[in-house]
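Values below: all heavy atoms of this structure, side chains included; hydrogens, waters and symmetry mates excluded. Predicted, not measured: the structure shown is a model, and the values here were computed from it.
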Amino acid sequence: LKFAFERPSALCTRVHLRFSRQQSSSHRRRRRQQRRGRRMVATLRHSSFGVLRMGRGLSRLTLLRSNLLKGQSSRSRRPRPAASAQASASVATPPVATAPVASPDAAPVAALPLAASSAASSSGSAAGLSAVAVAADAELSETAHRNVAFEAVRIGNYYSEDQAEVLAYIAQMHSELLNDAKFLRKYAAKLNKENGLSTQYTVPEILAKKHEADGFDLFLPADEAIYVKETAERKAAGLDLGYEEPDPVVYGELQEGLTEAAYAAAGECAPLGPDELLFLLQHCCRAGEVGAAVWGAERLEAVHEDGGVPDEILNPMFEALKPLLRPRSCRNEPRLTGPWSEKSKGKTGPPNPRRGLGLLLMRLAELRKTRELAKGGDASARADRSAQGEETLGRLCTALVPLLAQDSEAVACKRRGPLVPILARVCKDYGLEVSTPVAWDILRVLEQSGEVQPVDKRGVELKHKAAPATGEPPNPVGLKPFSAAVAELDALARDRLGRRRSRQKSREQGKSAKRRREEGS
């Protein structure tokens, strides 16, 4: 009790009363006092700590402690000390907006902070709330003010023919959120983050539900509401969404089939056939469900683990998955759930399905290429032609390395771009005229063989360096024996350069589309 009196804010979980041994006639009385003290502290600990109850509890604790220290009973009829009575009266008095006037016979200084803090934490007076609201309002940014208004509309909106009543209730919710210090502290980072709607509307417009009049869903997050509206507008205008929008019945069938496939993968039911898995995969791809599609394709690979996926399943699977490389062909918010949507061990969220999609398509493309080469035909001829060109380039680079070591300009060059025309000049000096694409291919092979080594981040240098030659070159014949293969090397280099430019153009288009989506949101 002494510990509870000196630290009433903690209200100790256990009360240890130690009494000295006395006569057996007074032992029962002391036990009753001990039980009564424990019940009192437990009641104060589990109660709501109201102002009146706290004041009375402290007064009783004061009296009980003084009686126990003096060896008297708690039922003594001694009058209550003036200090405790005054403290109880001051605590029980409801708080007012004006400052309290000090009294000569006021409670001890140690009891006043507890009473004041208890009154401020439990009473919820208008003065206290207004002070919190003013302090919170001063700390909030304009973006946070708008996001709080969005949350108030989301909480307070309901259907009613009297919209004035709804707007009044939304204003009340907005005021309560501004007064809720815990809410503002917990979601501070989220409230201060801009979104597509917070940059379009002011706080009065948000509280008046202007964004609902503009067609945005009140109950969705801002970016998702923008996406839903744009999707509905494109669909109404007859534009391509990038994916199909199945009706709820089809979605239910897909979810049921994927759930059965997941149970089959866990060994809890009979396995599904490859045709059924391919059917689910194709419909998931059409609906833009990347995670479900990748999981279904991996299940097909697991089913045909021994001999590989057959061609009658491989080609349709590849063609169905390929459109998902376009971001607009994928759903931002997947609707199908399963093992692909579960959190990985040690991770805070589900795995990124687009990474699995890229690895999956690489495996399938390599498998298709291997089978096409095994069949022969045009694909095999192109592969043989490319392999022969690479072999010729290797021999040309082997003969060119000692010539470059004797060229002072090539030895001094430290960048890839300026090194390309130097390679073309050295080849021309030794009887072989090559184009710029072939010179780039020569540089690529030299880098792969280690004859041209990287320096720092973007620099390069020759591995073998020698002083400028004063006599005959190391190879008197020069590079004339490769003149017959120059035309073939040039055709292969230009074909490779065209494919590289096509990939670069596709990447630039994807980046531009992503920037337009981000600016639009």
Side-chain angles (χ1 to χ4, degrees), residues 242-244 254-255 257-259 261-262 264-267 271-375 379 383 386 448 496 499-511 513-514 517:
Y243 57 86
E244 297 180 0
L254 282 176
Q255 184 65 68
L258 291 170
T259 303
L272 273 67
D275 296 338
E276 296 176 281
L277 291 174
L278 180 61
F279 175 81
L280 294 173
L281 167 67
Q282 291 174 337
H283 280 74
C284 290
C285 293
R286 293 171 188 170
E289 298 282 350
V290 184
V294 172
W295 184 85
E298 291 175 349
R299 289 307 308 156
L300 279 171
E301 286 184 318
V303 170
H304 301 91
E305 187 176 3
D306 297 334
V309 182
D311 291 341
E312 58 270 14
I313 294 179
L314 175 63
N315 294 328
M317 181 168 61
F318 185 82
E319 296 299 329
L321 290 168
K322 192 174 180 180
L324 295 179
L325 292 174
R326 296 192 300 265
R328 70 184 187 91
S329 299
C330 307
R331 286 184 177 273
N332 290 347
E333 297 293 335
R335 296 170 58 182
L336 297 176
T337 59
W340 57 90
S341 59
E342 297 176 355
K343 295 182 180 180
S344 302
K345 187 177 181 180
K347 304 292 183 180
T348 57
N352 184 11
R354 299 198 63 82
R355 183 176 182 275
L357 175 65
L359 298 176
L360 174 64
L361 287 175
M362 288 178 60
R363 294 196 301 269
L364 297 180
E366 188 67 26
L367 183 59
R368 293 181 69 197
K369 183 178 179 180
T370 303
R371 292 183 178 179
E372 287 180 1
L373 293 178
K375 293 179 181 178
S386 178
Q448 291 176 354
R496 188 178 294 107
R499 292 196 302 270
R500 180 184 177 186
R501 287 177 177 174
S502 178
R503 291 193 301 269
Q504 186 176 2
K505 184 178 179 180
S506 299
R507 285 195 296 268
E508 292 297 331
Q509 289 177 349
K511 292 179 181 178
K514 183 178 181 180
R517 288 195 304 271

Do you know which two heavy atoms are closest between [X] and [Y], and how far apart they sit?
X: P323; Y: A320; answer: CD-O, 3.4 Å
X: L277; Y: A261; answer: CD2-CB, 4.0 Å
X: L325; Y: R354; answer: O-NH2, 3.2 Å
X: D311; Y: K375; answer: OD2-NZ, 3.6 Å

side-chain contact (heavy atoms from CB on, under 4.5 Å), paired with R503, selected from R501, K505, R500: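 Between R503 and the candidates, side-chain contact (heavy atoms from CB on, under 4.5 Å) is satisfied uniquely by R500.
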May I ask you to test the [X]-[Y] pair for a side-chain heavy-atom distance under 4.5 Å?
X: L373; Y: T370; value: no
X: H304; Y: I313; value: yes
X: P339; Y: W295; value: yes
X: C285; Y: L324; value: yes
X: L281; Y: L321; value: yes

[X] side chain vs [Y] backbone, donor-acceptor pair below 3.5 Å:
X: R299; Y: L272; answer: no
X: R331; Y: A287; answer: yes
X: S386; Y: A383; answer: no
X: E276; Y: G273; answer: yes

Quick check on [X]: does its [atom1] atom have over 12 non-hydrogen neighbours (other residues, nucleotides or ligands) under 6.0 Å away?
X: Q504; atom1: CD; value: no
X: F318; atom1: CZ; value: yes
X: R355; atom1: CZ; value: no

Working for side-chain contact (heavy atoms from CB on, under 4.5 Å), residues C284 and V290: CA-CA 7 Å; C284 290; V290 184; over 6 Å; no
Say you draw a straight line from [atom1] of [X] to [atom2] of [Y]; how long is it, rounded to the nearest 0.5 Å?
X: E342; Y: T337; atom1: CD; atom2: OG1; result: 9.0 Å
X: K511; Y: S506; atom1: NZ; atom2: OG; result: 12.0 Å
X: E312; Y: D275; atom1: CD; atom2: CG; result: 9.0 Å
X: L280; Y: Q255; atom1: CG; atom2: CD; result: 10.5 Å
X: M317; Y: R368; atom1: CE; atom2: CZ; result: 10.0 Å
X: E289; Y: L336; atom1: CD; atom2: CG; result: 4.0 Å

Show me, pair by pair, the donor-acceptor contacts under 3.5 angstrom made by side chains of residues 358-366, not counting sequence neighbours?
unit_1: R363; atom_1: NE; unit_2: E301; atom_2: OE2; d: 3.4
unit_1: R363; atom_1: NH2; unit_2: E301; atom_2: OE1; d: 3.0

